[in-house]
S.K.: 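Next up is a structure, given as structure tokens.
Predicted model, so just to flag it, every value in this text is computed and none were measured. Every heavy atom of this structure was used, including side-chain atoms; hydrogens, water molecules and symmetry mates were not.
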Amino acid sequence: MLLRSRVALITAAIVAVAIAAISTVTYLSTEHSLRTQLDETLLGGWPPPGEGDPSAPKPGLEDLCRRGTPGRPLQRFLEGVQLLKADGSVCAPPGVDSVVVDPADLAARTVTLRDGHTRSGTPVRVLLGPFSDGNVLVISRSLAEVDSTLAGLRTVLIAVSVLGALLAAAAGLLLTRRTLRPMARLTGAAEEIARTHDLDLPVTVSGRDEVGRLGRAFAAMTGALADSRRRQRALVTDAAHELRTPLTSLRTNIDLLARSEHTGRALADGDRGRLLDRLQAQAGELGDLVTELVVLARDEHEFDHADVAMGTVVRHAVRRASSRARKHTFDVRSAEWHVCGDEGALERMVLNLLDNAIKFSPAGSAVTVRSEPGLVAVADEGPGVAAADRTSAFDRFWRAPEARSLPGSGLGLAIVADIAAAHGGYVRFEDPPSGRGALAVVRVPPAVVAGSPLPPGIRG
């Protein structure tokens with residue numbers, strides 16, 4: 001059963017139960033009111049005139065019974081009135097549909113009301129009024145009008161209950177269909193995306209209710225997936241293009257070495273050594289490129305979220321960079337602060353900044369490293385980065401014209417930008433204080449370590 005059908009059925013059932021409860025209360029209260037009015041009518045005729053006065057004549061019902069049938073007006077007046085004598089006999093006017101009495105009614109000592117029926121079977125309400133001489137006056141009123149009124153009310157209430165349930169079901173189905181229409185469109189869009197694998201299909205959403213929120217969340221999810229797919233395709237395309245050059249060069253040198261072996265024309269020792277050195281360097285560059293591609297392919301959710309001491313990270317990165325840059329000096333000033341993130345990724349981010357500074361700095365120059373809460377800055381004494389290229393420098397495989405002859409893949413700064421973004425920060429080139437060289441600044445939000453003072457400008 002569809003959701004809208006279930007909602008309509010549940011709505012109809014709830015409304016039907018509510019109407020049935022209200023109808024039952026209405027029916028019972030009406031029945032009680034009608035019977036109460038009837039009882040008040042019967043009690044209004046008691047005691048009979050003169051019963052409270054000993055000298056007043058007693059009701060002549062017994063004499064009337066002996067004389068015979070009264071006239072029609074009197075018969076209509078006496079209808080429903082009879083006398084239950086102390087000896088158990090019943091005196092009723094002839095032609096009157098008398099009430100079936102029980103001998104136990106003689107035991108009545110006070111005015112009593114009960115249900116009964118006449119000899120013809122008509123249901124009546126009976127009042128038993130005892131006299132001082134032991135006789136009991138029986139006054140009855142037909143319940144036919146009460147039963148007829150209640151039967152009509154019962155029919156109306158049943159019809160209202162059924163009609164109300166049907167109207168509630170129809171209204172519930174209509175409202176549910178209108179309410180779930182955006183859900184149906186969202187479902188159709190999801191099915192179309194699953195069928196065509198086209199994440200760029202538009203998802204129309206509106207409203208601020210739960211369905212609208214779901215639609216916007218779904219649209220944001222498909223947009224993020226589409227962006228991720230575009231980035232993956234761009235990465236694969238760029239990687240294939242960049243891998244083609246080192247692979248071609250590597251294959252050419254290997255073919256040259258293999259040809260010299262197969263033809264028997266051995267290369268001179270110097271040529272062979274230079275060729276092997278080139279192969280080794282190209283293999284190293286290819287390995288570095290593959291490693292950097294693997295780092296770029298990582299999703300930010302794959303990073304750890306541990307407490308990382310950035311002072312330690314900077315020291316480790318400087319130690320690794322200095323081991324392969326013997327002709328450079330490092331001026332390091334690092335404060336102790338912490339970041340919630342991946343220690344290995346953060347160290348690679350700093351190391352890539354240092355490698356970039358070393359690559360463009362002349363031999364004997366100094367690389368300056370500053371680390372303080374929320375900031376890591378690396379400055380060099382190289383040619384710097386043109387203002388027009390400061391944004392493009394962090395694109396994948398982008399290389400400055402003067403750096404295309406230098407080793408590298410053009411992925412180092414792109415990795416820095418991705419790692420900084422994954423940790424809630426960013427990286428950019430700024431104007432160096434000395435006016436020469438390049439200054440790369442990474443800003444990431446510091447973590448607040450329990451028991452340590454907050455860094456300036458950071459609120460708890």
S.K.: Taking all heavy atoms of Leu439 and all of Ala377, pick out the closest pair and write down the distance.
M.R.: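 That closest heavy-atom pairing would be CD1-CB, 4.0 Å.
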
S.K.: Quick check against the 3.5 Å criterion: does Asp380 have a side-chain atom that pairs as donor or acceptor with the backbone of Gly437?
M.R.: no

S.K.: Within a strict 4.5 Å, meaning less than it, do heavy atoms of the Val314 and Val369 side chains meet?
M.R.: yes

S.K.: Using 0.5 Å steps for rounding, measure from the CD atom of Gln37 to the CG atom of Leu42.
M.R.: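 Atom-to-atom, Gln37:CD and Leu42:CG are 12.0 Å apart.
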
S.K.: May I ask you to test the Leu127-Thr112 pair for a side-chain heavy-atom distance under 4.5 Å?
M.R.: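 With C-beta onward as the side chain, the pair stays apart.
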
S.K.: Output all residues satisfying salt bridge (charged side-chain N to carboxylate O under 4.0 Å, His left out) with Glu372, sequence neighbours left out; order by chain, then residue number.
M.R.: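 Residues passing salt bridge (charged side-chain N to carboxylate O under 4.0 Å, His left out) with Glu372: none at all.
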
S.K.: Just wondering, do Val427 and Val441 contact through their side chains at under 4.5 Å, heavy atoms?
M.R.: no

S.K.: Give the C-alpha distance, both sets of side-chain angles, the deciding distance and a yes or no for side chain to side chain contact (heavy atoms under 4.5 Å, CB included) between Ser98 and Arg119.
M.R.: CA-CA 6 Å; Ser98 60; Arg119 296 186 184 278; 2.9 Å; yes

S.K.: If I compare all heavy atoms of Ala144 with all of Ser142, which pair ends up nearest, and what's the gap?
M.R.: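 Shortest heavy-atom contact: N-OG, 3.0 Å.
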
S.K.: Can you name the closest pair of heavy atoms from Asp147 and Pro123 and give their distance?
M.R.: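 That closest heavy-atom pairing would be OD2-CG, 3.9 Å.
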
S.K.: State which residues pass salt bridge (charged side-chain N to carboxylate O under 4.0 Å, His left out) with Asp331; sequence neighbours excluded, sorted by chain then number.
M.R.: Arg370

S.K.: Does Asp355 come within less than 4.0 Å of Arg320, counting only side-chain N to carboxylate O?
M.R.: no

S.K.: Please round to the nearest 0.5 Å and tell me the distance separating atom CD1 of Ile19 and atom OG1 of Thr24.
M.R.: 11.5 Å

S.K.: With heavy-atom distances below 4.5 Å as the criterion, would you say the side chains of Met349 and Leu346 are in contact?
M.R.: yes

S.K.: Would a 4.5 Å heavy-atom cut-off, applied to side chains only, mark Asp431 and Arg390 as touching?
M.R.: yes

S.K.: Roughly how far, to the nearest 0.5 Å, is the NE2 atom of His117 from the CG atom of Leu143?
M.R.: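 Interatomic distance, Leu143 CG to His117 NE2, rounded to 0.5 Å: 12.0 Å.
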
S.K.: Is Arg348 salt-bridged to Asp342, going by a charged N under 4.0 Å from an acidic O?
M.R.: no

S.K.: For Ile22, is there any backbone N or O sitting under 3.5 Å from a side-chain donor or acceptor partner on Thr26?
M.R.: yes

S.K.: Roughly how far, to the nearest 0.5 Å, is CD1 of Ile10 from OG of Ser5?
M.R.: 11.0 Å

S.K.: Checking Ser33 side chain against Ser29 main chain: does a donor-acceptor pair fall under 3.5 Å?
M.R.: no

S.K.: Quick one: do Val313 and Val308 satisfy side chain to side chain contact (heavy atoms under 4.5 Å, CB included)? Show the steps, please.
M.R.: CA-CA 8 Å; Val313 167; Val308 179; 3.5 Å; yes

S.K.: Should we count CD of Glu145 as having more than 12 external heavy atoms under 6.0 Å?
M.R.: no

S.K.: Run the side chain to side chain donor-acceptor pair (under 3.5 Å) check on Ser140 and Arg125 step by step: do they pass?
M.R.: CA-CA 5 Å; Ser140 64; Arg125 185 68 171 166; over 6 Å; no

S.K.: Near Arg213 CZ, under 6.0 Å, is it more than 12 heavy atoms from other residues, nucleotides or ligands?
M.R.: no

S.K.: Just jot down the salt bridge (charged side-chain N to carboxylate O under 4.0 Å, His left out) partners of Arg315, sequence neighbours excluded, or say none.
M.R.: Glu336

S.K.: Of all the heavy-atom pairs spanning Ile419 and Ala345, show the shortest one and how long it is.
M.R.: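 Nearest pair, atom of Ile419 first, then Ala345: CD1-O, 3.2 Å.
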
S.K.: Do Asn352 side-chain atoms and Leu413 backbone N/O form a donor-acceptor pair below 3.5 Å?
M.R.: no

S.K.: What are the two closest non-hydrogen atoms of Ala168 and Ala12, and how far apart are they?
M.R.: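 That would be CB-CA, 4.2 Å.
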
S.K.: Do Val101 and Gln82 have side chains that get closer than 4.5 Å, going by heavy atoms?
M.R.: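 Yes, at least one pair of side-chain atoms sits under 4.5 Å.
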
S.K.: Measuring from atom CZ of Arg154 to atom OG1 of Thr30, what distance do you get when rounded to the nearest 0.5 angstrom?
M.R.: 12.0 Å

S.K.: As an exercise, state the distance from CD1 of Ile193 to OG1 of Thr222, rounded to the nearest 0.5 Å.
M.R.: 5.0 Å

S.K.: Let's go through Val126 and Leu128 carefully: what are the C-alpha distance in whole Å and the side-chain angles of both, what is the deciding distance for side chain to side chain contact (heavy atoms under 4.5 Å, CB included) to 0.1 Å, and is it a yes or a no?
M.R.: CA-CA 7 Å; Val126 180; Leu128 302 174; 3.9 Å; yes

S.K.: Show your reasoning for whether side chain to side chain contact (heavy atoms under 4.5 Å, CB included) applies to Tyr27 and Leu150.
M.R.: CA-CA 7 Å; Tyr27 180 85; Leu150 292 176; 3.9 Å; yes

S.K.: Search all heavy atoms of Ser371 against all heavy atoms of Val376 and return the closest pair with its distance.
M.R.: OG-CG2, 4.1 Å

S.K.: Below 4.5 Å, heavy atoms only, C-beta onward: do Glu31 and Leu153 meet side chain to side chain?
M.R.: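 Side-chain contact under 4.5 Å: no.
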
S.K.: Can you find a heavy atom in the side chain of Val7 that is under 4.5 Å from one in the side chain of Leu175?
M.R.: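 No. Closest side-chain heavy atoms not under 4.5 Å.
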
